[in-house]
Structures are given as C-alpha cells and as structure tokens.
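Letters A, B, ... mirror the listed sequences (proteins, then strands); counts begin at 1. In this text the structure is predicted, and so the values were computed from the model without any measurement.
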2 protein chains.
Amino acid sequence: MKWKELEEEPCSMARTIGVIGDRWTLLILRECFLRTRRFEGFQSALGITRHLLAERLKKLVRLGILRRIPYQEAPKRHEYILTQKGLDLYPIMMALVHWGDTHMVDERGRPLLHQHRKCGKDFDPVMVCSECGEPLLAKEVHTHPGPGAQSPLTIEAPDKPKAKARRSAA
Amino acid sequence: MKWKELEEEPCSMARTIGVIGDRWTLLILRECFLRTRRFEGFQSALGITRHLLAERLKKLVRLGILRRIPYQEAPKRHEYILTQKGLDLYPIMMALVHWGDTHMVDERGRPLLHQHRKCGKDFDPVMVCSECGEPLLAKEVHTHPGPGAQSPLTIEAPDKPKAKARRSAA
DNA sequence: ATTTGACAGTTCAATTTTAGAACTGTAAAG
DNA sequence: CTTTACAGTTCTAAAATTGAACTGTCAAAT
C-alpha cells in the first residue's frame, strides 16, 4: 500500500490519515492553530527543513486545508491560513493534545492549558454522542457498514478465510 | 528535530505525535479498535510489510498502548490487545473518522456508520467542553501556559525577535 | 552605490525509512 | 514426510527526509 492509495480506501479514517497522517503535517497544523501563518514562522518554530515545509504546505493548499493568501506584492509573499475544512480538524488536534495531557506529561504537569471563552473555565475536551450527549466509550459503539462501504472493515473481522480453531488457548 | 525528541517537547500534541503520528501506527491502531489481535490479522488487513509491522507492534507494546498476551504455548503465539492507555486513543480515532466522513466521502456516502448502544442511534462524535458541555469551536478557545510549560508555544506566537512591520499589506 | 538582511523558496548529495521478497523455526494436519 | 499456519527476521532496492547551500526580490543601512 503506497500512500496515495490511502485516500481512496473505503474507510474515512484511512482517507484522513492519507491527508494529515504524518509527523510534519500534523505539526504544521498545530502551528496553524497557534496562529502561525508564514513560511519562516513555520520553519523556525518547527525546525523542519525548508524543502519539506514547502512540499507539505503545497499539499495542504492543494487539499483545501490551507488557503494561500498574498499579504504583500513586490516580492510576492503569501500567508497560509486555515480554511473551514482545516478548522474542522480542531477536534483531532484537541484529542491529540488531551491524550498527551493524560498520558505523556511529566511531574511538572501540562505544558498548555485551554480556556473556554464561553464559560471562562480551563477545560478538557470530551467526546460525546451527537444524539444523546453521553460521553463515548469504545465499548459502547457498534460499527456497521454504511452506503459507501464496499468490502473491508465490515467490523467484527471477516477476514479469516480458513479459521479452523487449531487448539484451545494455553 | 529527529523524532525521538518529539516525545520530550513541552507540548502534549508533539508528544502524542511522537507516539502515534505515523501512517502505519495509526492504521494498526484502527485495526486494534476493529478487534484485530494477531500478527497475521494485521498484516493481511493492512498489507503492511511484516518487517515494519513487527517493529511498530514492538513500539506500541513498549509504550504501553498494546499488551502482548500469549494465547498458545508450543509455538509461542501472542495477541496484541489495547491497554487502557490504548483505549484512551478512541477519541482521536473517532475524530479522524469524523473528519473523513465530513470531508473525504464520495457520492456513495460513508463507508462506516457508528451506533451508540446506549441510545441506539447512529451518531457523530461531538467534542464538548468538560466544564459547560457546549461544543468546542477553535475560535472560542484560549490557550495559555500551564505548569509544565517552559518556553515554546506560549500561544499568540512570541517568536518574532525582530518584527519590524516592513510595509503595510498590498 | 554597495552591502546586508528578511523572506520564500529551490536544488542536490548524504542519510534514514520503507517496501518487497525470501528465509527461519515450531508444530499441527494430511 | 510434506505441506500449511503463524510469527517473526534478514537482506537489498527504492523512496522519503535531512542538511546545507543557493536563487531572487526588495528595504534598510552604510
């Protein structure tokens, strides 16, 4: 599987991974949410090579996640800003941060806190069901094929052509 | 920046990316949530090379995201199952799926639907504020340094040592 | 008038990762 | 005794990433 194919798989997660599933893209997007907009800004904040940065920005623009907007003529210069499609990545970013906050902090505690302007409090992001509002637990979710399914991932792993129960577990 | 350093950055997102931020790791984790547990299962479901699969599984076990549990003696065989730390990645997975469902589906619609056993309905995951329960919008969140901060990412980009306003925008 | 610096890339050799395919080893089944 | 299932390991070729230098435009300083 080469990674262009990812975007064509009948799996929304695979497609998303094909778009943003690499280290630098994710870090670039982090910077975008932190209001970085310019080439040099990304480069110095991340230490990414200019080569890769240019390549990744181009890809994000091509995919409609960033928009490239001129901010000066003369030597033409552009800023990269998130489109709505890009802004919609926010829950992914927050979910990544929250997992890190939960499992990867050292003694000193969290590097960054998030305050919700609406209620004024520092918060954690919680993922809930759109229908009943309850927090989502993996165990309580049943996955089933939708209209765009075509074969893989019908859930409950249908891919054991010759499962034969060789022997009971040790 | 080489990717071992990522895990030591004072940024929960960077640390998380250092752990799960690559294509194959993410795809392997997808399979875990779809109940795949064995080496051959992962390999045939994903088409990943055996070499990389072995390496990635080892890493996920080392990081405490998967547990390697014997299911048979004789030719020793193990299953890889999610620990609590691994299960906690669920919101990340759902956020990835949801973005793909929103922005990467073709005419046929979603490949997979998710049903919440609690309420019985097919749902979308929604990220809300732990304090007030309102859905989170990027614009409404203010980031500020926490106890574990040490320099970068104080938000509102403090990294322009010589910003001088060369000229107004075009 | 010339040099320096900021900014946004591009180019290219060297290194690191990943892909692909074959090979190892145990044990059950035919 | 040979084949098959399973879980890796080993090795070479191909692809991606790093590091460092180079290009080009314009403003400011000398």
Side-chain angles (χ1 to χ4, degrees), chain A residues 1-6 17-18 21-28 31 36-61 66 68-80 157 159-170, chain B residues 1-6 17-18 21-28 31 36-61 66 68-80 157 159-170:
Chain A
M1 187 193 297
K2 37 221 51 133
W3 54 284
K4 189 64 189 172
E5 298 170 31
L6 264 186
I17 291 172
D22 76 281
R23 289 188 156 65
W24 287 124
T25 300
L26 252 3
L27 289 171
I28 288 167
E31 287 307 306
T36 299
R37 297 157 131 74
R38 302 182 183 179
F39 193 93
E40 292 293 320
F42 290 109
Q43 204 283 319
S44 66
L46 297 174
I48 184 177
T49 63
R50 312 176 74 74
H51 179 42
L52 261 205
L53 176 58
E55 195 270 323
R56 291 291 198 276
L57 288 174
K58 213 167 283 177
K59 182 179 176 187
L60 288 169
V61 169
L66 296 180
R68 189 159 171 271
I69 301 197
Y71 70 91
Q72 129 186 333
E73 289 301 318
K76 280 216 178 212
R77 294 284 183 265
H78 303 82
E79 293 191 315
Y80 296 91
D159 67 273
K160 286 251 186 58
K162 298 173 197 169
K164 247 189 271 190
R166 327 172 72 245
R167 176 185 16 200
S168 53
Chain B
M1 186 193 294
K2 35 222 48 132
W3 53 284
K4 189 62 190 174
E5 299 169 29
L6 264 187
I17 291 171
D22 76 281
R23 288 186 157 66
W24 287 125
T25 300
L26 252 3
L27 255 7
I28 288 168
E31 287 308 305
T36 300
R37 297 158 130 77
R38 302 183 184 178
F39 193 93
E40 293 292 320
F42 290 108
Q43 205 283 317
S44 66
L46 297 174
I48 184 176
T49 63
R50 313 176 74 73
H51 179 43
L52 262 204
L53 176 57
E55 195 269 324
R56 290 291 196 278
L57 287 173
K58 214 167 282 176
K59 180 180 176 187
L60 288 169
V61 169
L66 296 180
R68 191 160 171 272
I69 302 197
Y71 70 91
Q72 125 185 335
E73 288 302 317
K76 281 214 178 213
R77 293 285 183 265
H78 302 82
E79 292 191 315
Y80 297 90
D159 67 275
K160 287 252 185 61
K162 298 173 200 169
K164 248 188 272 189
R166 324 169 76 244
R167 177 186 12 194
S168 55

N/O to N/O distances under 3.5 Å, protein versus nucleotides 1-3 of chain D:
none

Select base, sugar-phosphate, or nothing to describe what B:Phe42 touches, counting heavy atoms under 4.0 Å on all strands.
nothing
Taken to the nearest whole Å, CD/A:Gln43 to P/D:dA20 is 12 Å
Could you please name the option among C:dA19, C:dG9, C:dC7 that lies closest to any side-chain atom of B:Thr49?
C:dA19
Output the rounded distance in Å from CZ (B:Arg50) to P (D:dT9).
11 Å
Atom CD of A:Glu55 and atom P of D:dT18: how far apart are they, to the nearest Å?
11 Å
Quick check: closest heavy atoms across B:Leu57 and B:Tyr80, and the distance to 0.1 Å?
CD1-CE1, 3.7 Å
Consecutive Watson-Crick or G-U pairs in runs of at least 3, all under 3.5 Å, in which DNA chain D is involved:
C:1-30 with D:1-30
Could you state the atom-to-atom distance from CZ of A:Arg38 to C1' of C:dG9 in whole Å?
16 Å
For the pair made of CD in B:Gln72 and P in C:dA27, what is the distance, rounded to whole Å?
10 Å
Tell me whether B:Gln43 contacts the main-chain N or O of B:Ile48 through its side chain, where contact means a donor paired with an acceptor under 3.5 Å.
yes
Picking from C:dA8, C:dT26, D:dG8, which would you name as closest to the side chain of B:Pro75?
C:dT26
Tightest non-hydrogen contact, residues B:Glu31 and B:Ala45, listed as OE1-CB, 3.5 Å
Nearest to side-chain heavy atoms of A:Arg77, which nucleotide of D:dC26, D:dT25, D:dC6
D:dT25
Once each nucleotide of nucleotides 11-16 of chain D is scored for protein heavy atoms under 4.0 Å, what B/S/- sequence comes out, 5' to 3'?
B----S
What's A:Arg68 touching, base or sugar-phosphate or nothing? Going by heavy atoms closer than 4.0 Å.
sugar-phosphate
Would you kindly give the CD-to-C1' distance between A:Glu79 and C:dA8, to the nearest whole Å?
13 Å
Interatomic distance, B:Phe39 CZ vs C:dT26 P [rounded to whole Å]
18 Å
Here the distance between atom P of C:dC7 and atom CG of A:Leu53, to the nearest Å, is 14 Å
